[in-house]
Amino acid sequence: MSGKETHHPSTAADFARWIIERLSEGGHQALLAGGCVRDRLLGKRPKDYDVATSATPDQVRAIFGHRRTIPVGAAFGVITVIGDKETGNVEVATFRYDGGYSDGRHPDHVTYSNAEHDAQRRDFTINGLFFDPLQDAVVDYVQGQVDLDRRLIRAIGNPHDRFNEDHLRMLRAVRFATVLDFEIELETLAAIQELAHQILTISGERIAAEMQRLLASPRRGRGLSLLDQSGLLLHLLPQWNLQMESSRSTLTTICQDLDRSPIAGSDLEVSLSIVTLRQLLAIEPATQPILGNPLLSQLAQVMNGVVHAWKLSNESKAVFHAIQIHLPTIACASQLPWSQLQPTLIAPKIHAVLDVAAGLTIGGWISDEDVELCRRHLSRPIDELNPPPLLTGDELKKRGFAEGPRMGRCLAELRRKQLDQELSTPDAAWDWVRSQL
Ligand code: ATP
Ligand code: MG
């Protein structure tokens with residue numbers, strides 16, 4: 001072991017630097033690459049660090065040892081170097097250029113090459129930067145720094161060709177523009193507009209992952225507008241009928257509203273529900289009750305379409321389900337006795353439902369008071385929000401009550417009386433039960 005190896009890197013950045021030092025000592029070129037360089041130059045903390053190197057995967061494994069490396073993407077020349085809890089792992093990828101793309105997503109084969117080629121195979125100029133931590137220098141073959149300064153998403157090379165190679169890049173362009181608050185360069189945007197229909201060749205899971213990240217941004221409304229402008233949204237959400245000019249202009253307003261009232265939760269389900277409901281409400285304004293069955297079943301249709309196309313998880317389904325079931329209750333919260341509101345407020349995913357309700361206060365579809373009332377209740381201690389029952393079914397059985405629908409009705413009525421403070425002690429509850437016999 002050399003002296004340097006006894007120094008333990010304690011952050012991801014240190015670990016990546018340590019890896020680059022080791023590769024460099026082995027006579028290889030090694031650089032930080034891609035997103036981590038971009039994020040550092042923007043003053044953001046990178047999510048993870050990637051290293052690109054002239055060393056082949058075998059050479060990388062020889063340097064770090066087989067026990068400390070995983071050949072995750074050996075076919076693409078990617079080796080994971082295992083770190084510890086603090087540093088996380090770092091991916092080390094051999095410089096390469098990609099062969100033909102016959103499936104619109106994956107290169108048919110890759111060829112190991114030099115740093116310049118490796119920059120050119122990347123998607124956008126701001127993602128094609130390298131950084132040499134040993135020289136403290138940016139290595140820029142694609143004019144990425146200029147575009148970082150101008151806040152532009154620009155495809156490397158011919159945008160049309162690059163989006164034809166890999167259709168997912170179209171959606172990545174919009175996602176990066178949204179998350180970073182950049183513009184999409186005009187030729188890049190024009191190429192997306194031309195090829196937008198190809199997005200449907202991408203798997204639902206990949207689309208969902210990008211949409212999750214886009215809709216997690218505080219600028220999610222702008223993101224949806226960009227998706228619309230680029231022509232992708234029409235194909236991603238055919239249920240929104242964006243071929244109609246009126247739907248598109250409604251969408252523009254809704255998207256602006258979405259960013260003016262930041263939602264606490266950052267869920268795809270919440271944003272999509274708000275936009276869908278507001279669109280439906282714009283088409284068929286206020287019939288009473290506002291959030292009646294016709295509207296909710298239309299919402300359900302749209303959501304089912306999304307769940308199916310994007311292969312969303314059961315977790316997502318549960319959120320959509322809660323929104324459909326509980327939104328009408330939230331919308332009239334202040335008119336309900338506590339015994340009717342309380343079961344809704346203790347239901348799973350209720351915070352997402354409240355976020356949707358908050359999104360519908362713009363336009364006045366739901367009142368601020370109703371949403372605020374629910375939020376206040378939800379911040380109460382749990383034994384106030386959901387007190388244990390005064391009497392349980394077991395206790396009734398012990399005293400000789402027979403199980404059955406009658407006992408069920410009795411327990412439900414007891415619960416109602418407890419929540420509405422008509423009964424407050426087990427003794428009072430027993431008195432009431434006896435009075436019923
Ligand atoms: P983030 O991780 O924050 O989404 P990132 O830039 O690190 O951003 P990754 O998906 O982790 O994005 O990819 C790492 C790098 O690999 C990118 O910066 C880019 O250079 C390259 N890359 C990723 N996906 C593609 C793609 N579909 N086509 C071309 N290059 C890509
Ligand atoms: Mg990354």
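If you're wondering where the values come from, they're calculated on a predicted model, not measured in any experiment. Basis for what follows: all heavy atoms, side chains included, without hydrogens, waters or symmetry-related copies.
Closest of all the heavy-atom pairs between Leu224 and Leu233 is O-CD2, 3.7 Å. The shortest non-hydrogen separation linking Pro159 to Thr188 is CB-CA, 3.9 Å. Between His326 and Ala347, the shortest heavy-atom contact is NE2-CB, 3.3 Å. For the pair Ala173 and Ile192, the tightest heavy-atom approach, listed with the atom from each and the gap, is CB-CD1, 3.8 Å. The two residues Thr94 and Pro57 have their closest heavy-atom pair at OG1-CD, 3.2 Å. When all heavy atoms are compared, the tightest approach of Asp420 to Ser339 is OD2-OG, 2.7 Å.
Among the candidates Leu215, Leu226, Ile153, the single residue satisfying the side chain to side chain contact (heavy atoms under 4.5 Å, CB included) test with Thr178 is Leu226. Evaluated for a salt bridge (Lys or Arg N to Asp or Glu O under 4.0 Å) with Arg375, the options Asp370, Asp368, Asp355 yield exactly one hit, Asp355.
For the pair Asp267 (side chain) and Glu269 (backbone), a donor-acceptor distance under 3.5 Å is absent. Side-chain atoms of Arg96 never come within 3.5 Å of backbone atoms of Val110 as a donor-acceptor pair (strictly under, hydrogens ignored). A donor-acceptor pair is defined here as one N or O able to donate and one able to accept, closer than 3.5 Å; no such pair exists between the side chain of Thr361 and the backbone of Ala357. Using modelled atom types, no side-chain atom of Asp228 and backbone atom of Arg248 make a donor-acceptor pair closer than 3.5 Å. A distance-only check finds no donor-acceptor pair linking the side chain of Asn127 to the backbone of Gly34 [under 3.5 Å]. Within the 3.5 Å criterion, the main-chain N or O of Pro337 finds no donor-acceptor partner in the side chain of Gln340. Checking side-chain atoms of Asp132 against main-chain N and O of Asp136 turns up no donor-acceptor pair under 3.5 Å. Remark: side-chain polar atoms of Gln135 are not paired, donor with acceptor, to backbone N or O of Ala137 under 3.5 angstrom. At least one donor-acceptor pair closer than 3.5 Å links the side chain of Thr276 to the backbone N or O of Leu272. Of the possible donor and acceptor atoms, none in the side chain of Arg175 sits under 3.5 Å from a partner among the backbone N and O of Met211.
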Inset, instruction - Kindly determine whether Leu152 and Val146 satisfy side chain to side chain contact (heavy atoms under 4.5 Å, CB included), including the steps that lead there. - result: CA-CA 9 Å; Leu152 280 182; Val146 184; over 6 Å; no
Inset, instruction - Before giving the answer on side chain to side chain contact (heavy atoms under 4.5 Å, CB included), spell out for Leu312 and Lys317 the whole-Å C-alpha distance, their side-chain angles and the decisive distance to 0.1 Å. - result: CA-CA 7 Å; Leu312 296 181; Lys317 283 186 212 166; 5.8 Å; no
Inset, instruction - Take Asn89 and Thr80 through the test side chain to side chain donor-acceptor pair (under 3.5 Å) and record every step on the way to the result. - result: CA-CA 7 Å; Asn89 299 341; Thr80 295; 5.8 Å; no
Legend entry - Working for side chain to side chain contact (heavy atoms under 4.5 Å, CB included), residues Val275 and Leu251: CA-CA 8 Å; Val275 178; Leu251 180 74; 3.6 Å; yes
Inset, instruction - Take Ile20 and Leu31 through the test side chain to side chain contact (heavy atoms under 4.5 Å, CB included) and record every step on the way to the result. - result: CA-CA 7 Å; Ile20 288 171; Leu31 301 163; 5.6 Å; no
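In summary, Arg172 and Asp123 engage in a salt bridge, as defined by a charged side-chain N under 4.0 Å from a carboxylate O. Electrostatic pairing of Glu165 and Arg105 does not count as a salt bridge here, judged by no charged N lying under 4.0 Å from a carboxylate O. The residues Asp98 and Arg122 are annotated as not salt-bridged, no charged nitrogen and carboxylate oxygen being separated by less than 4.0 angstrom. Salt-bridge formation is detected for the pair Asp166/Arg169: a Lys NZ or Arg NE/NH1/NH2 atom is positioned less than 4.0 Å from an Asp or Glu carboxylate oxygen. For the pair Arg206 and Glu210, the salt-bridge criterion is not met [side-chain N within less than 4.0 Å of a carboxylate O]. Between Arg219 and Asp259 there is no salt bridge, since no side-chain nitrogen of the basic residue lies less than 4.0 Å from a carboxylate oxygen of the acidic one. Salt bridge annotation for Arg260-Asp257: present, with a cationic side-chain nitrogen under 4.0 angstrom from a carboxylate oxygen.
Leu214 has its side chain out of reach of Val179: every pair of non-hydrogen atoms, C-beta onward, lies at least 4.5 Å apart. Trp365 places a side-chain heavy atom less than 4.5 Å from the side chain of Arg278. In this structure, Leu134 and Arg17 have side chains that are in contact, with non-hydrogen atoms separated by less than 4.5 Å. You'll find the side chain of Glu183 stays beyond 4.5 Å of the side chain of Arg151, heavy atoms only. A 4.5 Å side-chain heavy-atom check between Ile184 and Arg154 finds every atom pair outside the cut-off. Counting heavy atoms from C-beta on, the side chains of Leu236 and Trp310 come closer than 4.5 Å. Contact annotation: the side chain of Asp147 approaches that of Arg150 to within less than 4.5 Å [non-hydrogen atoms, C-beta and beyond]. Between His160 and Leu195, some side-chain heavy-atom pair lies under the 4.5 Å cut-off.
Between Phe130 and Tyr141, the ring planes are perpendicular. Angles over 60° get that label, and only those under 30° would be called parallel.
One finds the OH atom of Tyr97 at 12.5 Å from the CG atom of Asp118 (value rounded to the nearest 0.5 Å). Rounding to the nearest 0.5 Å gives a distance of 11.5 Å between CD1 of Ile19 and CD1 of Ile79. Here the straight-line distance linking atom CG of Leu237 with atom CD1 of Ile207 works out to 10.0 Å at 0.5 Å rounding. In this structure, Asp149 CG and Gln143 CD are separated by 11.5 Å, a value rounded to the nearest 0.5 Å. Going from atom CG of Leu345 over to atom SG of Cys374 covers 5.0 Å, rounded to the nearest 0.5 Å. Here CZ of Phe95 is found 8.0 Å from CG of Asn114. Values are rounded to the nearest 0.5 Å.
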Residues 379-386, side-chain donor-acceptor partners within the protein, below 3.5 Å, at least two apart:
{"unit_1": "Ser379", "atom_1": "OG", "unit_2": "Arg376", "atom_2": "O", "d": "2.8"}
{"unit_1": "Arg380", "atom_1": "NE", "unit_2": "Glu384", "atom_2": "OE1", "d": "3.2"}
{"unit_1": "Arg380", "atom_1": "NH1", "unit_2": "His377", "atom_2": "ND1", "d": "2.8"}
{"unit_1": "Asn386", "atom_1": "OD1", "unit_2": "Gln342", "atom_2": "NE2", "d": "2.9"}
{"unit_1": "Asn386", "atom_1": "OD1", "unit_2": "Arg415", "atom_2": "NH2", "d": "2.8"}

Distance-only donor-acceptor pairs under 3.5 Å for side chains of residues 42-54, two or more places apart:
{"unit_1": "Thr53", "atom_1": "OG1", "unit_2": "Gln29", "atom_2": "O", "d": "2.7"}
{"unit_1": "Thr53", "atom_1": "OG1", "unit_2": "Ala55", "atom_2": "N", "d": "3.0"}
{"unit_1": "Ser54", "atom_1": "OG", "unit_2": "Gln29", "atom_2": "N", "d": "2.8"}

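For CD of Glu205, the number of neighbouring non-hydrogen atoms (other residues, nucleotides, ligands) closer than 6.0 Å is greater than 12. Around atom CG of Leu186, no more than 12 heavy atoms belonging to other residues, nucleotides or ligands sit under 6.0 Å away. Heavy atoms of other residues, nucleotides or ligands lying less than 6.0 angstrom from CD of Gln193 number more than 12.
Considering only residues two or more places apart in sequence or on other chains, Phe64 meets the ring pair (Phe, Tyr, Trp, His ring centres under 6.0 Å) condition with Trp18.
If you check the side chains of Trp240 and Ser247, you find no donor sitting under 3.5 Å from an acceptor.
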